[in-house]
Amino acid sequence: MGDSGSRYLDFVQGWAVNCLGHSPQVVADALAVQAQRLITPSPAFYNDMSLKLAQALVEQSCLDQVFFANSGAEANEGAIKLARKYGALHKDGAHEIITFEGGFHGRTLATMSASGKKAFEPLFEPKVSGFPKARLNDLASVERLINDRTVGVMLEPIQGEAGVWPATDRFLRDLRELTTAHGLLLILDEIQTGFGRTGKLFHYEHAGITPDIMTLGKGIGGGVPLAALLSTEAASCFEHGDQGGTFCGNPLVCAAGLAVLRHVSTPAFLKSVTDTGLYLEGELQRLSVRHGLGEVRGRGLLLALDLKMPIAASIVAEGFKEGVLLNAPKPDTLRFMPALNVAREEVALMIDCLDGVLTRMGAARRVA
Ligand SMILES: Cc1ncc(COP(=O)(O)O)c(C=O)c1O
């Protein structure tokens with residue numbers, strides 16, 4: 001419901017944040033209970049909620065240590081620092097992290113520098129150095145950049161902001177082999193793909209690989225600001241005081257994270273994400289054929305429709321007038337990232353709306 005009382009069908013969900021929709025009961029209940037107990041004791045003291053959430057994340061993932069942050073950028077900043085410290089300790093000061101053209105890792109100076117987003121290039125110079133760029137799904141482009149200064153490789157399994165460009169499972173496996181062979185850290189930014197978004201709790205499971213470091217954000221809090229940096233025991237080299245922050249791991253947000261994790265990590269829930277994702281994908285493909293559009297990309301409930309024309313912003317504006325919220329990461333691309341518990345009927349409503357908008361736009365183009 002919008003502030004004017006209008007109803008919206010939301011396929012943006014705060015940029016893939018509200019994994020259980022707006023104000024889900026499980027999150028509201030967890031926050032209400034925790035708000036009565038303890039909100040912020042400061043990170044100087046352990047709190048039960050952060051320990052429980054960290055324990056659950058370790059049990060559900062291939063990683064051993066957890067540091068909580070307040071945003072995806074902060075978790076990635078932590079990953080970069082951790083890799084640099086690892087390089088200082090174990091790799092003779094190696095500090096370069098190979099990242100990818102089109103990648104997006106956040107808006108702090110270091111995470112902007114790690115990003116391969118063209119629009120960031122002229123901003124806030126000079127950037128943080130040490131992030132040479134390879135091309136997604138091109139292993140040779142990664143190999144060419146490896147040298148004595150390299151400590152790791154960092155990527156999103158699906159480049160979301162760039163317009164939903166997936167790394168293939170094969171590429172992820174090859175990258176794992178290559179980084180292992182060179183003693184490099186593989187850092188996965190699962191801020192958009194993690195927490196069930198692609199039908200597995202973590203995207204790396206599709207490729208059957210295990211990263212050394214992983215970052216989570218967005219869906220982990222079900223709408224509240226929470227993010228996490230996870231690493232293997234071998235890569236965990238932070239000592240007390242190396243990384244921190246006033247609000248990091250406060251029990252209020254961790255209570256929300258725990259409630260979300262319990263909900264999304266069940267096999268039945270993850271299967272429903274896969275099934276609904278396949279349904280949405282099929283419906284988008286049908287629309288694409290009918291309106292002469294391009295490919296449908298992505299996995300689970302992180303999908304894009306290539307429009308082949310720069311009409312995405314107009315479609316978003318028309319959808320908004322009809323009460324359907326859509327996202328255009330690129331002028332010719334629509335991205336779909338609904339709540340993971342979106343109903344098929346809601347998908348069908350969105351598709352009907354999109355069909356109508358595309359039909360009217362097609363007719364208008366023909367008249368012009
Ligand atoms: C893959 C990825 N990494 C990092 C971020 C940054 O997260 P935040 O906006 O919470 O700092 C985003 C946000 O869109 C993202 O999609």
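Worth saying up front: this structure is predicted, and the values here are computed from it rather than measured. Both ligands and their constituent atoms are indexed starting at 1 by order of listing.
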Determine whether the side chains of Gln192 and Glu156 contain a donor N or O and an acceptor N or O closer than 3.5 Å.
no
If you look at each N/O of ligand 1, which protein N/O atoms lie under 3.5 Å away, and at what distance?
unit_1   : atom_1 : unit_2 : atom_2 : d
ligand 1 : 3 (N)  : Phe104 : O      : 3.4
ligand 1 : 3 (N)  : Asp189 : OD1    : 3.3
ligand 1 : 3 (N)  : Asp189 : OD2    : 2.7
ligand 1 : 10 (O) : Gly72  : N      : 2.8
ligand 1 : 11 (O) : Gly72  : N      : 3.4
ligand 1 : 11 (O) : Ala73  : N      : 2.8
ligand 1 : 14 (O) : Lys218 : NZ     : 3.0
ligand 1 : 16 (O) : Gln192 : NE2    : 2.8

Parallel, tilted or perpendicular for Phe104 and Phe120, by the 30°/60° rule?
tilted
Do you see a donor-acceptor pair shorter than 3.5 Å between the side chains of Thr150 and His182?
no
Between Met350 and Leu9, which heavy-atom pair has the shortest distance, and what is it?
N-CD2, 3.8 Å
Taking atom CD1 of Ile351 and atom CZ of Phe11, what is their separation to the nearest 0.5 Å?
7.5 Å
Distance (rounded to the nearest 0.5 Å) between Leu229 CG and Thr215 OG1
7.5 Å
